Amino acid sequence: MSFLDDFMARAALAGIGLSLAAGPLGCLVVWRRMAYFGDAVSHAAVLGVALSLLSGAAPMAGVLVMALLMAALVAAGPERLLAMDAMLGVASHAALALGLVAVTLLEGVRVDLMGYLFGDILAVSRADLVAIWAASALAAAVLAARWRRMLLATLSEDLAAAEGVSPRVEKWWLALALALLTAAAIKVVGALLITALLIMPAAAARTLARSPETMALGAAAAGVAATLGGLRASWLWDAPAGPAVVTTAAAILALLGAARALLGRRAG
Amino acid sequence: MTAPRSAAPSAPPSARVNAPARQPAAARESAPLIAARGVCVRIEGRTVLRDVDLEIRPAEIVTILGPNGSGKTTLLRALIGALTPDAGEIRRSPDLRVGHVPQRLSLDRTMPLTVDRFLALSGARRAARQQALERVGIGGRAGAMMAALSGGQFQRALLAHALLRRPNLFVLDEPTQGLDQPGVAAFYRLIEDLRRETGAAVLMVSHDLHVVMSASDRVICLNGHVCCSGAPHVVARAPEYRALFGLGTQGALALYRHEHDHSHAHDGPAPAREEAPRE
């Protein structure tokens with residue numbers, strides 16, 4: 001009998017591992033205004049699920065491959081056909097729709113589509129748990145190793161270039177971290193809610209933080225709180241767990257935002 | 001594109017003023033920090049820079065002047081390696097260290113960033129950071145949020161960051177935008193002092209013509225290509241220069257007119273004519 005035999009314990013640990021990496025990554029997504037980019041990469045996850053069903057590989061592997069492909073496509077794609085946000089919207093929803101069509105067309109496979117769209121955190125196995133923590137840890141390690149350079153490239157691409165930091169290289173590292181996190185998150189909150197898990201804790205942490213680092217740590221903490229609170233709510237009211245986690249994250253953000261507005265603290 | 005004006009046929013050779021600049025003799029003889037040769041940059045199919053030659057030598061202050069869209073910022077970006085030219089070459093001295101002061105930071109309210117944390121991104125230690133802040137005159141603002149600084153303080157914080165790189169070349173892209181007149185004068189005095197103290201060269205883009213006249217060793221007039229370059233007072237006084245650009249008024253005004261009223265046969269949109277200043 002071990003602690004990990006309890007599915008709620010596994011769910012909580014999966015959410016915590018994911019949140020610890022999603023916090024800092026979400027801050028970068030917010031600072032760089034990359035929410036649409038996050039959407040495009042995470043929606044490609046559904047296509048990745050189809051790919052893994054087709055090839056017999058583990059879903060996380062397929063998701064990782066497709067997320068990386070999408071990141072590469074968007075990062076290298078023709079920027080001038082449409083404005084960036086419109087192009088990302090096209091890529092994101094094309095990937096989502098194509099993924100849904102592909103998954104449905106795979107005959108003889110019974111898939112819980114809802115699970116991939118909105119997560120199935122209560123069904124996380126021990127093997128899932130290891131994979132989620134490994135992918136999250138890798139993503140966090142990438143961010144930790146590149147942190148100063150990423151901040152510099154975020155503040156000014158020219159400043160970074162003048163100091164020998166290539167903004168292009170940093171963008172690729174960031175895309176890699178995002179793909180890893182998407183793979184980790186597919187089982188926890190699902191393809192449609194990954195961006196929410198990135199942005200909401202970061203936005204919540206912004207209300208209190210005085211430095212990029214405290215904001216990153218605060219976002220990780222807010223994500224953990226949202227995970228535990230969401231799972232609790234899901235248990236109490238029999239609500240779907242992934243959406244409950246995201247709802248809790250939104251509630252934390254709203255509370256902190258309201259508290260700050262009431263206390264009249266100036267931004268920064 | 002634009003037809004050559006009668007007063008401004010293609011630049012006669014004599015208009016390329018290359019008078020000796022007011023700089024240490026040693027600087028002229030030593031190897032350039034950056035040498036650009038035949039640089040062309042195309043952006044979205046449009047030629048932004050054509051055949052630009054340029055050298056920056058140690059300890060000189062060089063200012064780039066030009067109308068909006070003349071490729072000033074593009075040239076700076078090419079020189080610091082932020083973009084690769086489509087043709088030509090840019091050679092950088094192996095010991096080149098650039099202290100860059102960008103036009104702005106993409107710093108919106110979502111990133112909390114104190115002045116001291118921003119300076120730490122240069123990799124410098126705390127004591128050095130405080131020293132740099134004091135040197136640029138905002139020693140008391142280490143704990144302030146970057147977003148809460150006034151325009152002048154913000155530029156000084158950027159300059160302190162550049163200073164911490166221990167550069168032998170400062171590169172400043174319109175560093176005094178949005179400053180009032182005394183603020184502009186004080187900022188350029190600071191730049192000159194830093195040049196004297198550190199021996200670093202300075203390359204900047206500027207609109208502040210009076211300051212250009214007094215503070216630069218060399219002025220480069222850019223409009224997609226280098227129209228002319230040389231010591232500012234010589235450029236301003238040269239009869240060929242006035243024949244080409246000015247209408248017989250003072251040098252600073254000639255420069256000013258050149259900036260806006262200059263059109264020989266080049267690619268790009270015709271610059272708008274400006275009213276002559278009234279007495």
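Only heavy atoms go into these numbers, but all of them, side chains included; no hydrogens, no water, no symmetry mates. Letters go in sequence order (proteins before strands), and every chain restarts at 1. These numbers come from a predicted model, not from an experiment.
Between Leu178(A) and the choices Val142(A), Leu68(A), Leu28(A), Val41(A), the side chain to side chain contact (heavy atoms under 4.5 Å, CB included) rule is met once, by Val41(A).
A side-chain donor from one of Thr73(B) and Asp173(B) sits under 3.5 Å from a side-chain acceptor of the other. Side-chain contact of Asp116(B) with Thr114(B): a donor-acceptor pair under 3.5 Å is absent, judged by distance alone. Counted by atom type alone, Ser211(A) and Arg117(B) present zero donor-acceptor pairs between their side chains at under 3.5 Å. In summary, the side chains of His43(A) and Ser92(A) do present a donor paired with an acceptor at a separation below 3.5 Å, with no hydrogens or angles considered.
Contacts from residues 148-160 of chain A to chain B, taken as heavy-atom pairs separated by less than 4.5 Å, involve Arg148(A), Leu151(A), Leu152(A), Thr154(A), Leu155(A), Ser156(A), Asp158(A), Leu159(A) in sequence order. Contacts of residues 246-254 of chain A with chain B at a heavy-atom distance below 4.5 Å are absent; not one residue qualifies. Contacts with chain A (heavy atom to heavy atom, under 4.5 Å) involve these residues of residues 124-144 of chain B, listed by number: Gly143(B). Heavy-atom proximity under 4.5 angstrom to chain B picks out nothing from residues 186-196 of chain A.
A heavy-atom distance below 4.5 Å is not found between the side chains of Leu172(B) and His100(B). Looking only at side-chain heavy atoms (C-beta outward), Arg195(B) and Asp217(B) come within less than 4.5 Å of each other. In this structure, the side chains of Phe187(B) and Leu159(B) come closer than 4.5 Å at one or more pairs of heavy atoms. Looking only at side-chain heavy atoms (C-beta outward), Thr176(B) and Leu179(B) come within less than 4.5 Å of each other. Between Val202(B) and Leu169(B) the shortest side-chain heavy-atom distance does not fall below 4.5 Å. Cys27(A) is listed as a side-chain neighbour of Trp31(A), based on a closest heavy-atom distance under 4.5 Å. Side-chain contact between Leu198(A) and Leu181(A) is present, with heavy atoms from C-beta onward closer than 4.5 Å. At least one side-chain heavy atom of Ile16(A) sits under 4.5 Å from a side-chain heavy atom of Leu228(A).
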(request) I would like to know whether Ser19(A) and Thr227(A) meet side-chain hydrogen bond (donor to acceptor under 3.5 Å, both in side chains); could you show each step before the answer? (result) CA-CA 8 Å; Ser19(A) 297; Thr227(A) 300; 3.2 Å; yes
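Listed here is the closest heavy atom pair of Val30(A) and Ala202(A): CG2-CB, 3.9 Å. Here the shortest heavy-atom pairing between Ala204(A) and Leu256(A) reads O-CD1, 3.5 Å.
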